[in-house]
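All values below were derived from every heavy atom in this structure, side-chain atoms included, with hydrogens, water molecules and symmetry-related copies excluded. Just so you know, these numbers come straight off a predicted model, no measurement behind them. Lettering follows sequence order; numbering is per chain, from 1.
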Amino acid sequence: MKIRPISGFPEWLPEQRIVEQALLDQVRRNFELFGFRPVQTRAVEELDRLAHKGSTDKEIYAIRRLHADPDETDDKLGLHFDLTVPFARYTLENRGQLVFPFKRYQIQKVWRGERPQEGRYREFYQADIDVIGQDSLPLCFDAEMPLLIHAVTSSLPLPPVRVHVGHRKVLEGFYRGVGLPDITPVLRIVDKLAKIGPDEVRASLVSEAGLGPDQAERCLALSQLRGGLEVIEQVRALGVEHELLETGLGELHEVLSAAAELPPGSVVADLGIARGFDYYTGTVYEAFLQGLESIGAVCSGGRYDNLADAGDAARFPGVGVSLGITRLLGPLFRRDALVATRRTPTCVLVALDKEQTRSRSQGVAARLRARGIPTEVFHAAHKYGKQIKYADKLGIPFVWFCGDDEGNGQIRDIRSGEQVEAHADQWEPTPDDRWPRVERPS
RNA sequence: GCGAGCGUAGCUCAGUCGGUUAGAGCGCUGGUUUGUGGUACCAGAGGUCGUGGGUUCAAUUCCCAUCGCUCGCCCCA
């Protein structure tokens, strides 16, 4: 078998995985800071459930047991393609034991069989955060999402993030007020505004969606609105009236108002957002890295009132967003925009003097580890030059040379060459050196 | 599903208008330096030129097919 990569299934080098883990840790920490509870679901769901929502042409990986009987009729399984469908199922399955509103986060790999391209993979991490209410869910959770996205992303060594907030009720109410019967094709065309430009959108609305010139013009005008709270009045100024539109504008206003304390530009109203309308029913979000908009939305989500269908009278409305960890990292790695300070967790390499004193070196390592300093002992009593070179290649900042069996020795900072007397129970690296960190090269 | 580009050393690539032993840089191993690295110099290892077929006296090179990777489009849950 020839060894080669498999398209769409990225694997990182250790120094990249260090970056990925640091991001995952930081994301998790922030989710918990907002009081969300951890959940992990199985990798598989019943195929029927996966294919149920939305269109049927989803690119799902099916699971097959090689030794299955040809006539086996067991439930067919597939790998989940997002974390929302498994979460909805999980919530219903455990509804009797969960506390509502149920705030959960879930960081897992998902799989999609689509054709890979930059930033789009077949296996990737998603970090999902959702709130599900029983029967109803207050709008304050919609308003909290942009704050959360801002908190998470600004805790990471990333460029500033801009969260675009749209609202399905605004769009749908507007379209109804304009007199459009079927809004789905309109949404799909409008969604391409950034890619194909206003002229193309206007033409497509007429030719493909069958809108009249005036209708197309108004829809286009709506989708081009972007900015702060003033956008609300700008929508009204377009002169379309509909009850649903007013409801949406009210909700949009509340969500935007909540973001008032964030730095200007962190959250903007954007009525050009028209994604994921399979099941979104209210607020929708898309977040972009400022200056790196070309890699696409790194975080997206919205409000869904009808996703979790218990099959009885109970309703479980939810709101949430998904952060695309891998889709973020891939393009950033490609641009060398995110690097670890070293290629290994190791902070101190304990040199091995000679085979007879291996236990002395191991003793030093044990003392350092006991105080939480990542330490390894060099594997063989090679020349010190070789041992230092090994540390240098891995970016290990310190090499320890043993003195006696009591923990005395010398520690060398191989970046500066400075070497000082030290004791293994006392010596401390600077906080910046203890663990590898993630940096954004300027 | 549609389209484009690319497959030569571990990596990045050159090259052969078809011709004897296929090259560079980086990386790797060793040495100069016999127990304190990075620089410099020297030496060395490492290739069925993606795979199959065709044309030819001769194919890594030309042609066809195929597989793989990358990037777009569609789609994006």
Side-chain angles (χ1 to χ4, degrees), chain A residues 1-11 13 45 49-61 78-88 110-122 124 126 128 130 184-185 187-189 191-192 195-196 200 208 273-280 284 286 294-302 304 307 320-322 324 327 330-331 334 343 349-355 357 361 378 380-402 409-420:
Chain A
M1 286 285 287
K2 181 146 186 163
I3 293 175
R4 48 172 40 143
I6 298 179
S7 178
F9 290 80
E11 292 182 315
L13 292 170
E45 297 289 334
R49 181 178 308 281
L50 291 173
H52 181 241
K53 298 291 178 191
S55 52
T56 54
D57 56 346
K58 285 172 177 161
E59 294 282 4
I60 298 170
Y61 279 104
L79 296 172
H80 57 225
F81 55 80
D82 71 5
L83 300 179
T84 309
V85 169
F87 171 54
V110 304
W111 296 268
R112 300 180 184 180
E114 58 193 6
R115 208 61 71 94
Q117 49 187 283
E118 166 150 55
R120 298 189 65 185
Y121 306 99
R122 302 213 235 211
F124 56 97
Q126 279 194 178
D128 269 41
D130 290 86
T184 306
L187 291 172
R188 181 160 46 247
I189 293 166
D191 193 41
K192 294 182 184 170
K195 187 175 282 183
I196 65 178
E200 287 276 336
E208 291 176 32
I273 297 183
R275 64 175 290 111
F277 276 97
D278 265 8
Y279 56 74
Y280 290 136
V284 289
E286 275 194 345
S294 62
I295 72 177
V298 296
C299 180
S300 62
Y304 45 93
L307 186 62
V321 294
S322 174
R327 291 180 170 190
R334 175 188 270 265
R343 304 157 88 171
L349 175 72
V350 181
L352 184 61
D353 184 21
K354 41 186 171 303
E355 199 50 50
T357 58
S361 294
F378 196 74
H382 288 166
K383 294 192 299 185
Y384 282 160
K386 279 196 158 194
Q387 302 192 36
I388 292 172
K389 194 169 179 177
Y390 170 81
D392 185 46
K393 279 192 289 192
L394 286 173
I396 299 170
F398 300 102
V399 177
W400 184 282
F401 298 98
C402 295
Q410 295 193 340
I411 188 139
R412 180 183 187 84
D413 183 332
I414 67 171
R415 296 161 300 189
S416 64
E418 184 189 2
Q419 187 165 328
V420 296

A:F378 CZ to B:rU36 P, straight-line distance once rounded to whole Å: 15 Å
Pair of N/O donor and acceptor under 3.5 Å linking B:rC73 base with A:R115 side chain: no
Closest-nucleotide ordering on RNA chain B, the 5'-leading residue of A:R412 and A:G113: A:R412
Sugar-phosphate, base or nothing in reach of A:F401, heavy atoms under 4.0 Å: base
Separation of atom CG in A:L13 from atom P in B:rG27, rounded to whole Å: 17 Å
A:Q117 CD to B:rC6 P, straight-line distance once rounded to whole Å: 20 Å
Value in whole Å for how far the P atom of B:rU36 lies from NZ of A:K383: 8 Å
Rounded distance in Å - CZ (A:R112) to C1' (B:rA77): 5 Å
Sugar-phosphate only, base, or nothing, as touched by A:Q419 at under 4.0 Å among non-hydrogen atoms: base
Sugar-phosphate, base or nothing in reach of A:D392, heavy atoms under 4.0 Å: base
Nearest listed nucleotide, side chain of A:K192, among B:rC28, B:rG72, B:rC74: B:rC74
Sugar-phosphate, base or nothing in reach of A:R327, heavy atoms under 4.0 Å: nothing
Rounded interatomic separation in angstrom, taking CD1 from A:I273 and P from B:rC76: 16 Å
Residues forming a salt bridge (charged side-chain N to carboxylate O under 4.0 Å, His left out) with A:R115, sequence neighbours excluded: none
Nearest-Å distance once atom C1' is located in both B:rG47 and B:rU39: 31 Å
